[in-house]
Amino acid sequence: MARRKIIAGNWKMNKTPSEAVALVEELKPLVANDDVDVVFCVPAIDIIPVVEACKGTNIQVGAENMYFEESGAYTGEIAPAMLTDAGVSYVVLGHSERREYFAETSETVNKKMLKAFEHGITPIMCCGETLEQREQGVTMDFIRQQVKVGFLGVTADQAKTAVIAYEPIWAIGTGKTATTEQAQEVCAGIRSCIAEIYDEATAEAVRIQYGGSVNAATAPELFAQADIDGGLVGGASLKADFGKIVNYK
Ligand code: PGA
């Protein structure tokens, strides 16, 4: 069975609640496309108004982070049940910005992965190499490590529903998209890694996105690759361009 494409916007730390609603209203008609999954991953404080604004549309709402405990003395964190109760169905985990600025590690990402599955939230687990790692030729070793640790203890049935976003750090927010060949090569490598951990059926089911300066011009060729099942889009998800990315065909 062909994998359904998933195109997600990662708003990062942009848009106040009222600006968020205005952006949803602008994008709603532009992102209409029943052939793909469309997800808006938004700042925590925007989740409730965005879920409300997306009612009756094809847009699903995601969070940009989540904690791995149920509740308790974790000042400033957001629990999985808070997200599901608010209408969230996806969560971005282990984005490189969280790894770089907020001490996120593959071990904490793994704990969050397990929690997300437990609560029926689909994780979009990010991985990707630095420019230095690419130049040193250790891209695939590094990413395999991120994937293997991230998926520790995740069952094959859970893994089948997961989304993995391959985001080379040097391509994020730089306007420098990886070439189609580079993106396809790593996404295929990630799929092989999933086949090694689980089996072919799991590898065939898991959805792998490319992220890093995706725009309306680069999306069609990227999304046409055999192992690229959509994109995680930062900058261009805040603009009308996102409609063109979602309707890339
Ligand atoms: P970008 O961000 O599209 O602005 O490069 C992608 C991401 O960080 O998810």
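Counting starts at 1 for both ligands and their atoms, following the listed order. Hydrogens, waters and symmetry mates are skipped; everything else that's a heavy atom, side chains included, is used.
- Ion pair K111/E69 not flagged as a salt bridge, since none of the NZ, NE, NH1 or NH2 atoms sits closer than 4.0 Å to an Asp/Glu carboxylate oxygen.
- No donor-acceptor contact under 3.5 angstrom links the side chains of E100 and S96, judged on distance only.
- Taking a heavy-atom cut-off of under 4.0 Å, ligand 1 is surrounded by N10, K12, H95, E167, A171, I172, G173, G212, S213, L232, V233, G234, G235.
- With respect to the salt-bridge test (charged N to carboxylate O, under 4.0 angstrom), the residues D35 and K249 do not qualify.
- Using a cut-off of 4.0 Å between Lys/Arg side-chain N and Asp/Glu carboxylate O, E204 and R3 are scored as salt-bridged.
- Between the side chains of S192 and R144, no donor-acceptor pair of N or O atoms lies under 3.5 Å.
- Here the closest non-hydrogen pair linking C127 and I143 is SG-CG2, 3.8 Å.
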